[in-house]
Protein chains: 2
Amino acid sequence: MQTPPFEDQPCSVAQALGEIGERWTLLILREAFFGMQRFTDFQARLGVARNILTARLNKLVATGILTRNVAPGRGNPRFYRLTEKGRDVLPAFIALMQWGDRWIAGEAKAPVRVVDTATGEEIARLRVCARDGRPLVAREMRVVPGPGADVSIHRRFGATASGGEAPEAAFAFRRG
Amino acid sequence: MQTPPFEDQPCSVAQALGEIGERWTLLILREAFFGMQRFTDFQARLGVARNILTARLNKLVATGILTRNVAPGRGNPRFYRLTEKGRDVLPAFIALMQWGDRWIAGEAKAPVRVVDTATGEEIARLRVCARDGRPLVAREMRVVPGPGADVSIHRRFGATASGGEAPEAAFAFRRG
DNA sequence: ACTTTTTGGTTGCGTTTCGCAACCAATCGT
DNA sequence: ACGATTGGTTGCGAAACGCAACCAAAAAGT
């Protein structure tokens, strides 16, 4: 899923998709979140073709999202485990799950619930918040160049000092 | 990116990926978040092939993530706009962006920052929290069957009343 | 030692999707 | 009427995917 373009876009979402956006990859990580570690387990749970699974696992190891360890045993089974980088996909994963629950399955028909072990209550919906914890709606956010912004980003999102506001206010969804 | 399998999995992430997991789709939504509305704008910003863009936009309209409106003007320009369902992708989008910022670009080299317009401060990192707002780490969460769980989900995540715990505690990352 | 099983692949091949460039139709401005 | 603009569609070669068969290493079984 990455022939030439869009890996090199100055956008962390594009780069994230380059690492975990291919078909099956996020579902492999789902199984890893659920405790699966072995090639055979992933294959049986997902029904993914073996050559594809091999390619995905190799890439996930190469990008530092999983580690591979060989253990003694019948055919030297490999154990794939999440790294810190891999575990940190969880918020994005859960955000996606909550979106699917809400807009596809319907919340009343969610296949699984993630609950707080301490209370048994379902976890909260992930929200975008200010640093002080205030929930924010899209209209209250703005996109500005970051420390790694290139010229194109500055042109697009930079404070247009020379007269006027940015042409398109990011995250300010207009309705009419 | 959806020949036969994995759309029908009883998993909201799988279903979400079926709608927005194809190549380019999330980047089209990015441009929509940034205010783009027209076919030509998406095409120019992304560099995506026109036939692909057409297919993606049609699907996004069909799944209720975008709306298409024709306006008077030179060639009857179409305006693609986010629906509520589409706007609600933003948390997942930002979670993915923050992951990319942290683990690929490096936080000191993030291409863009999303700031709270009121304070100018960067927004908080998205976290998984309990309903009372307590931040949760993976070890403190558990996956249990939801209201729409089928037999396979119950077998996998159901409380094993008949002796013993669930064989693999989801989200309890083991290290050794 | 020899065979069998398990594990985790690899290889070939047909199908689908992607990417590119050329072509096209409707509409509005002039 | 004419030409520019918009938003496509079509055809074709390249890449990715999906399936099934084949394979090699290593440990268990005998």
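Naming convention: chains lettered A, B, ... in sequence-line order (proteins, then strands); numbering from 1 in each chain.
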How many whole angstroms separate atom [atom1] of [X] from atom [atom2] of [N]?
| X | N | atom1 | atom2 | value |
| --- | --- | --- | --- | --- |
| A:Arg78 | D:dA24 | CZ | C1' | 10 Å |
| B:Asp41 | D:dT5 | CG | P | 15 Å |
| B:Gln37 | D:dT6 | CD | P | 14 Å |
| B:Asn58 | D:dG7 | CG | C1' | 11 Å |
| B:Glu7 | D:dC17 | CD | C1' | 14 Å |
| B:Leu46 | C:dC20 | CG | P | 13 Å |
| B:Leu53 | D:dT6 | CG | P | 14 Å |
| A:Arg56 | C:dG9 | CZ | P | 15 Å |

At 4.0 Å (heavy atoms only), tell me whether B:Thr40 reaches a base, stays on the sugar-phosphate, or touches nothing.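 Sugar-phosphate contact only - B:Thr40 comes under 4.0 Å of backbone atoms but never of a base.
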Is B:Arg50 touching bases, backbone alone, or none of the nucleic acid, heavy atoms closer than 4.0 Å?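 Here B:Arg50 touches the bases of the nucleic acid.
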What N/O pairs connect the protein and nucleotides 13-15 of chain C at under 3.5 Å? Give each pair on its own line.
none

So, does A:Trp24 get its side chain near the phosphate of D:dG18, meaning an N or O under 4.0 Å from OP1 or OP2?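 For D:dG18, OP1/OP2 do have a side-chain N/O of A:Trp24 under 4.0 Å.
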Output yes when a side-chain donor or acceptor of [X] lies under 3.5 Å from a complementary backbone atom of [Y], and no otherwise.
| X | Y | value |
| --- | --- | --- |
| B:Glu31 | B:Asp41 | no |
| A:Gln15 | A:Pro10 | no |
| A:Arg87 | A:Phe33 | no |
| A:Arg113 | B:Arg142 | no |
| A:Glu140 | A:Val137 | yes |

Would you mind reading off the bend of the helix from C:dA1-D:dT30 to C:dT30-D:dA1 from its two end axes, five pairs each, to 10 degrees?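 One end's axis against the other's: 10°.
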Name each donor-acceptor pair under 3.5 Å that joins a side chain in residues 89-101 of chain B to protein atoms two or more places apart or in another chain, with its distance.
{"from": "B:Gln98", "atom 1": "OE1", "to": "B:Leu126", "atom 2": "N", "distance (Å)": "2.9"}
{"from": "B:Gln98", "atom 1": "NE2", "to": "B:Ala124", "atom 2": "O", "distance (Å)": "3.1"}
{"from": "B:Trp99", "atom 1": "NE1", "to": "A:Lys85", "atom 2": "O", "distance (Å)": "3.0"}
{"from": "B:Asp101", "atom 1": "OD1", "to": "A:Ser12", "atom 2": "OG", "distance (Å)": "2.4"}

Ion pair check, A:Asp88 and B:Arg102, cut-off under 4.0 Å: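 Salt bridge between A:Asp88 and B:Arg102, a charged N being under 4.0 Å from a carboxylate O: yes.
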Do the side chains of A:Glu107 and A:Arg125 get close enough for a salt bridge, i.e. N-O under 4.0 angstrom?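 Salt bridge present between A:Glu107 and A:Arg125.
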Any protein N or O atoms within reach of nucleotides 25-30 of chain C? Criterion: under 3.5 Å, listing atom names and distances.
{"from": "C:dT27", "atom 1": "O3'", "to": "B:Asn76", "atom 2": "OD1", "distance (Å)": "3.1"}
{"from": "C:dT27", "atom 1": "O2", "to": "B:Arg74", "atom 2": "O", "distance (Å)": "2.6"}
{"from": "C:dC28", "atom 1": "OP1", "to": "B:Asn76", "atom 2": "OD1", "distance (Å)": "3.2"}
{"from": "C:dC28", "atom 1": "O4'", "to": "B:Gly73", "atom 2": "O", "distance (Å)": "3.4"}
{"from": "C:dC28", "atom 1": "O4'", "to": "B:Arg74", "atom 2": "O", "distance (Å)": "3.1"}

Per [X] side chain, nearest of listed nucleotides [options]:
| X | options | result |
| --- | --- | --- |
| A:Tyr80 | D:dG7, C:dG19, C:dG9 | C:dG9 |
| A:Arg38 | C:dT7, D:dC19, D:dC17 | C:dT7 |
| A:Pro77 | C:dC18, C:dG9, C:dT7 | C:dT7 |

Under 4.5 Å side-chain linkage, directly or through intermediates, the cluster mates of A:Val115: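 Besides A:Val115, the hydrophobic cluster comprises B:Val144, listed by chain and residue number.
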Could you tell me if B:Gln9 and A:Arg30 have a donor-acceptor pair between their side chains, going purely by distance under 3.5 Å?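 On atom types as modelled, these side chains qualify, holding a pair under 3.5 Å.
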Any idea which heavy atoms bring B:Leu53 and B:Phe39 closest together, and the distance?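 B:Leu53 and B:Phe39 have their closest heavy atoms at CD2-O, 3.6 Å.
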Less than 3.5 Å apart, which donor and acceptor atoms pair up between the side chains of residues 60-68 of chain A and the rest of the protein, not counting sequence neighbours?
{"from": "A:Thr63", "atom 1": "OG1", "to": "A:Lys59", "atom 2": "O", "distance (Å)": "2.9"}
{"from": "A:Thr63", "atom 1": "OG1", "to": "A:Leu60", "atom 2": "O", "distance (Å)": "3.3"}
{"from": "A:Thr67", "atom 1": "OG1", "to": "A:Arg81", "atom 2": "O", "distance (Å)": "3.4"}
{"from": "A:Arg68", "atom 1": "NH1", "to": "A:Asn58", "atom 2": "OD1", "distance (Å)": "3.1"}
{"from": "A:Arg68", "atom 1": "NH1", "to": "A:Tyr80", "atom 2": "OH", "distance (Å)": "2.9"}

